[in-house]
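Step one of this worksheet: look at the structure below.
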Number of protein chains: 2
Amino acid sequence: MGLEERRKRERENRKTAILRAARRLFFEKGFKSVTVESIARKAELSKGSIYLYYKGKEEIYAHILLNDIDKFHDRISDLLINPISASEVLIRLSSIYVDFFLNDRELFRILVRFMLHTPDMNLPEDLNNHIIKTTNKTISVIEQVFIYGIEKGEFQATLNLRLNRNAIWGMLNGIISLHLFTGIEKNRADIIQNTVKAGLEIYIRGISTALQAR
Amino acid sequence: MGLEERRKRERENRKTAILRAARRLFFEKGFKSVTVESIARKAELSKGSIYLYYKGKEEIYAHILLNDIDKFHDRISDLLINPISASEVLIRLSSIYVDFFLNDRELFRILVRFMLHTPDMNLPEDLNNHIIKTTNKTISVIEQVFIYGIEKGEFQATLNLRLNRNAIWGMLNGIISLHLFTGIEKNRADIIQNTVKAGLEIYIRGISTALQAR
DNA sequence: AGAACCGCGGTCAATATATGACCGCTGGTC
DNA sequence: GACCAGCGGTCATATATTGACCGCGGTTCT
């Protein structure tokens, strides 16, 4: 209700307005071909004002990445709260994964390049660390699901965690990459989701104890 | 989407924020005992800023009156769009009238003093004219209802328009004044509404053709 | 190759907006 | 009638915003 409070609130609003504007632009054009001027216009500000809120174009980009990565990690982590079965969690996880990156190709591109150790731009040190840390935490969720599945007797106890984690991870990225590369559009997302789901179910069958029981 | 546009929009937002803040204060304390500083605080601005948007306290008050009067007139005018019967319109009109002024005592006080030609403050010339004009238009709605009633054969054709208009108008104001004066509160509004409705129905019976038919 | 040019990220003097200490007046108190 | 308190309104100061401008890296022209 105060006066200081109002200015603070308005400052935050400006910052998020810039982020929202920039996010849409980066999403559809990529980092390089988005100009600061265009961000300013979309945020209904002048170019100079952008620099009152962020150090520069790169920092804006960094914030967007951080937001997206954290949001993604949160969505994935939520799966562990009330797991029904390990298989189910894996399937949901994949669905979230695919959905997220089909809506955020730019982030996907960044993360893939990160994984391949060929980043295409210099991000600030701490952002780099954050990305690596959060990505690892997210990947480790898959491992945790495997552990949970083994504990519940759902998966074979002899499962190689790292190997299987990498397999799932790779499969997801592969399918997404393939579809993005071949230019499939967002409104065909269901096709991709079905492809992933089908592949995953076969994969899960391969590592489940049910197979052994027969 | 533009930049000029954003600033214009924000200016309007500030103006309405001030008006909203001021309205609440005026409503509960009356014109004199509301300080500009208190309006500024409620609108989360400094006192000086208020004067960037309005010439002064009086102008703010004037705008509030204008808004309220126009809104009131609109609500009353809407009744003429799809009239069911003249009696029904009169009853609805009275209900809106009472409801409106129970929620806006300050405006009621002003308008009554206007009608009695004893305004308690000097308002700008054009505001004065607007109030008089709009008030007359609103009063004339009652006359139009009578005319409509006569045309539909609902009321006696010999009805004296001005006399009956004044009677209704006076009755409404009288009942509201009485209740405001005796300190009845807003949450007892139903009692006032029922009083008005009962009185009005008797009045309408008095001027309706149905009586003659018996 | 290198000259000439262009477009962009980033800067900064100029402008617009917001603030609150201050002024003069008024109405009340002793 | 001298004092005071409290208010509406002002204005020098502080903060926020703007867009013309700068320099640099990349691209085209000769």
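First the proteins, then the strands, lettered A, B, ... as listed; each starts at 1. These figures come from a predicted structure and were not determined experimentally.
- In this structure, the nucleotide among D/dA16, D/dA20, D/dT17 sitting nearest to the side chain of A/Arg14 is D/dT17.
- Paired with A/Glu10 under the rule salt bridge (charged side-chain N to carboxylate O under 4.0 Å, His left out), one option of A/Lys8, A/Arg7, A/Arg6 passes, and it is A/Arg6.
- At a threshold of 4.0 angstrom between heavy atoms, the contacts of B/Gly56 are confined to the sugar-phosphate backbone, with no base atom among them.
- The separation between A/Asn13 atom CG and D/dA16 atom P is 15 Å, rounded to whole Å.
- In the interface, the side chain of B/Lys57 is not paired with the base of D/dG9 through any donor and acceptor atom under 3.5 Å apart.
- Proximity of B/Tyr53 to the phosphate of C/dT17: no side-chain N or O atom is located under 4.0 Å from OP1 or OP2.
- Following rounding to the nearest Å, A/Ile18 (CD1) and C/dG10 (P) show an atom-to-atom distance of 13 Å.
- Of the candidates D/dG9, C/dG9, D/dT17, D/dG9 carries the atom nearest the B/Lys47 side chain, counting heavy atoms from C-beta on.
- Side-chain N/O atoms of A/Arg41 include none lying less than 4.0 angstrom from OP1 or OP2 on D/dG19.
- The side chain of B/Ser49 places no N or O atom within less than 4.0 Å of a non-bridging phosphate oxygen (OP1 or OP2) of C/dA18.
- Distances from the side chain of B/Leu52 to the nucleotides D/dT17, C/dT17, D/dT10 place C/dT17 closest.
- In this structure, CD1 of B/Ile39 is placed 17 Å from P of C/dA18, rounded to the nearest angstrom.
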Pair A/Ser49-A/Ser46, side chain to side chain donor-acceptor pair (under 3.5 Å): steps then yes or no: CA-CA 5 Å; A/Ser49 298; A/Ser46 70; 3.2 Å; yes
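- A ring-ring contact (aromatic ring centres under 6.0 Å, His included) with B/Phe108 is found for one member of B/Phe72, B/Phe100, B/Phe27, B/Phe101 and no other, namely B/Phe101.
- Heavy-atom nearest nucleotides on DNA chain C were determined for B/Leu45 and for A/Val34, and the one closer to the 5' end corresponds to A/Val34.
- Proximity of a side-chain donor or acceptor of A/Gln193 to a complementary backbone N or O of A/Val98 within less than 3.5 Å is not detected.
- For the pair A/Ile50 CD1 and C/dC12 C1', the computed distance is 17 Å after rounding to whole Å.
- The distance from atom CD of A/Glu37 to atom P of D/dT18 is 11 Å, rounded to the nearest whole Å.
- Nearest to the side chain of B/Thr35, among D/dG8, C/dG9, C/dT19, sits D/dG8.
- With rounding to whole Å, B/Tyr54 atom OH is found 20 Å from D/dT10 atom C1'.
- The CZ atom of B/Arg6 sits 10 Å away from the P atom of C/dT17 (whole-angstrom rounding).
- Taking atom CZ of residue B/Phe31 and atom P of nucleotide D/dC7, one finds them 13 Å apart after rounding to whole Å.
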Full working for side chain to side chain donor-acceptor pair (under 3.5 Å) between B/Thr35 and B/Ser38: CA-CA 5 Å; B/Thr35 67; B/Ser38 71; 3.3 Å; yes
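- For B/Arg11 and C/dT17, the shortest distance from a side-chain N or O to OP1 or OP2 is not below 4.0 Å.
- Of the candidates D/dG8, C/dA16, C/dA18, the closest approach to any side-chain atom of B/Arg7 belongs to C/dA16.
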